[in-house]
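This structure is a prediction, so every number in the text was calculated from the model and none was measured. Throughout, a chain's letter reflects where its sequence line sits, starting with A, and its residues are numbered from 1.
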There are 2 protein chains.
Amino acid sequence: MFIKENLSRKEQVYLHATEMFKDRGYAATSMRDLANSLGIEAASLYSHIRSKEELLRKICFDIAAEFIGGLINVEQKDIPASEKLRLGIISHTKVIARDLASAAVFFNEYRNLSPAYLHDFLLLRINYINRFKKMIKQGIADDEFAEVDIKLAVMTMFSSLNWMPTWYNHTESIDQEKVSTELAQMLIKGLKK
Amino acid sequence: MFIKENLSRKEQVYLHATEMFKDRGYAATSMRDLANSLGIEAASLYSHIRSKEELLRKICFDIAAEFIGGLINVEQKDIPASEKLRLGIISHTKVIARDLASAAVFFNEYRNLSPAYLHDFLLLRINYINRFKKMIKQGIADDEFAEVDIKLAVMTMFSSLNWMPTWYNHTESIDQEKVSTELAQMLIKGLKK
DNA sequence: CCTACCGATCGGTAGG
DNA sequence: CCTACCGATCGGTAGG
């Protein structure tokens with residue numbers, strides 16, 4: 001990875017750490033690897049951060065906050081359930097597309113958090129999922145959606161969205177706006193009666 | 001994990017390794033952890049296996065073979081593209097459901113393979129994906145499916161399927177047959193015109 | 001399957 | 001930001 005000149009050293013550390021955790025996994029990335037990618041010694045990292053886990057923690061909880069923040073905006077609107085779900089999906093994909101590497105770490109590396117933080121993380125996640133479940137339930141109650149299994153539906157939806165960082169590439173043909181809208185459309189069509 | 005008495009020691013080693021790689025990740029699972037779960041010393045593992053990576057390799061490539069084998073059966077049938085895709089999805093989910101832990105390792109831990117094996121693995125995977133892409137293309141050409149972006153469609157599909165091991169639980173309410181058919185139905189409905 | 005190890009590498013600290 | 005380390009742990013081997 002190249003080093004961006006306009007970032008503080010601490011920001012550079014986070015940027016490189018996120019990219020490396022995504023590519024190799026948290027456990028398989030050593031602090032020496034990380035230091036090396038920045039052209040410094042491993043010991044020097046500790047004048048910018050407290051520990052390796054601090055890196056993971058910040059990446060995971062910052063993205064969690066973005067997901068929740070985006071959803072709150074959508075929930076307040078007075079619109080049909082299917083439309084709410086569509087906007088919820090778009091909000092979710094936008095958070096992912098804005099920072100693919102952090103999202104990938106969020107989805108795949110959170111289990112490396114120490115028990116106390118892992119606990120908090122899982123609570124945030126279950127809360128977020130439940131709010132999507134609520135939208136789908138509402139859609140079924142209002143006769144907009146077919147009588148699908150709620151858990152299956154919401155998990156299918158999140159699966160489609162959360163695997164995005166592993167295949168979506170900013171430089172490629174499909175642009176982010178199109179991915180968001182097509183994905184939302186395809187998933188909602190799958191739920192409709 | 002409990003130890004099943006009717007399995008050979010080698011099979012027990014693989015069973016425990018698969019479960020632990022799934023839960024903690026390959027890099028975060030030490031051979032001492034693995035030995036401990038079997039009630040033996042780490043050094044004793046090496047009378048059953050050659051190396052840690054051999055475990056990962058066998059898990060990943062065995063599942064790859066199952067995926068490909070299942071698809072070949074479907075491809076030979078003379079049926080419409082949408083039906084072929086439906087059976088392809090069902091075959092895929094059945095491989096996953098038959099061994100959730102191995103499938104999870106296949107999807108999330110393959111990147112820990114050493115370069116030479118990683119290369120072969122990625123070739124198998126791209127080949128498999130391309131065969132699904134072909135079915136979707138055929139469906140569009142035959143006017144069965146809407147003019148979706150092929151890459152987006154196939155990635156959405158695999159995402160939905162491949163995240164299954166992380167949320168599907170054999171002991172739970174939804175049975176495997178229902179998951180397979182509902183999932184296939186939802187995804188294909190999302191593609192239709 | 002065990003004891004007794006091996007060299008390498010890990011995350012991190014002290015002190016400048 | 002560096003040099004010089006620390007104790008702990010890693011995957012794995014020798015020899016029984």
Can you list the residues that meet the salt bridge (charged side-chain N to carboxylate O under 4.0 Å, His left out) rule with E144(B), with sequence neighbours excluded? none
Can you name the residues that form a salt bridge (charged side-chain N to carboxylate O under 4.0 Å, His left out) with E41(B), not counting sequence neighbours? none
D143(A): what forms a salt bridge (charged side-chain N to carboxylate O under 4.0 Å, His left out) with it, not counting sequence neighbours? K193(A)
Please report the interatomic distance CD1(I136(B)) to NZ(K151(B)), rounded to the nearest 0.5 Å. 13.5 Å
Carboxylate-amine/guanidinium proximity below 4.0 Å for E53(A) and K58(A): no
Using a cut-off of under 3.5 Å, enumerate the N/O to N/O pairs linking the protein to nucleotides 6-13 of chain C.
{"from": "dC10(C)", "atom 1": "OP1", "to": "S30(A)", "atom 2": "OG", "distance (Å)": "3.3"}
{"from": "dG11(C)", "atom 1": "OP1", "to": "T29(A)", "atom 2": "O", "distance (Å)": "3.4"}
{"from": "dG11(C)", "atom 1": "OP1", "to": "K52(A)", "atom 2": "NZ", "distance (Å)": "2.9"}
{"from": "dG11(C)", "atom 1": "OP2", "to": "M31(A)", "atom 2": "N", "distance (Å)": "2.8"}
{"from": "dG11(C)", "atom 1": "N7", "to": "R32(A)", "atom 2": "NH1", "distance (Å)": "2.7"}
{"from": "dG11(C)", "atom 1": "O6", "to": "R32(A)", "atom 2": "NH2", "distance (Å)": "2.9"}
{"from": "dG12(C)", "atom 1": "OP2", "to": "Y46(A)", "atom 2": "OH", "distance (Å)": "2.9"}
{"from": "dG12(C)", "atom 1": "OP2", "to": "K52(A)", "atom 2": "N", "distance (Å)": "2.8"}

What I want to find out is whether R98(A) reaches E66(A) closely enough, with some N-O distance under 4.0 Å, to be called a salt bridge. yes
Parallel, tilted or perpendicular: which fits the ring planes of Y128(A) and F158(A), with parallel below 30° and perpendicular above 60°? tilted
Results of salt bridge (charged side-chain N to carboxylate O under 4.0 Å, His left out) for R32(B) - residues two or more places apart only: none
Rounded to whole Å, please give me the gap between CG in L45(A) and P in dC1(D). 9 Å
List DNA chain D stems (3 or more consecutive Watson-Crick/G-U pairs, under 3.5 Å)? C:1-16 with D:1-16
Rounded interatomic separation in angstrom, taking CD from E41(B) and P from dC1(C): 11 Å
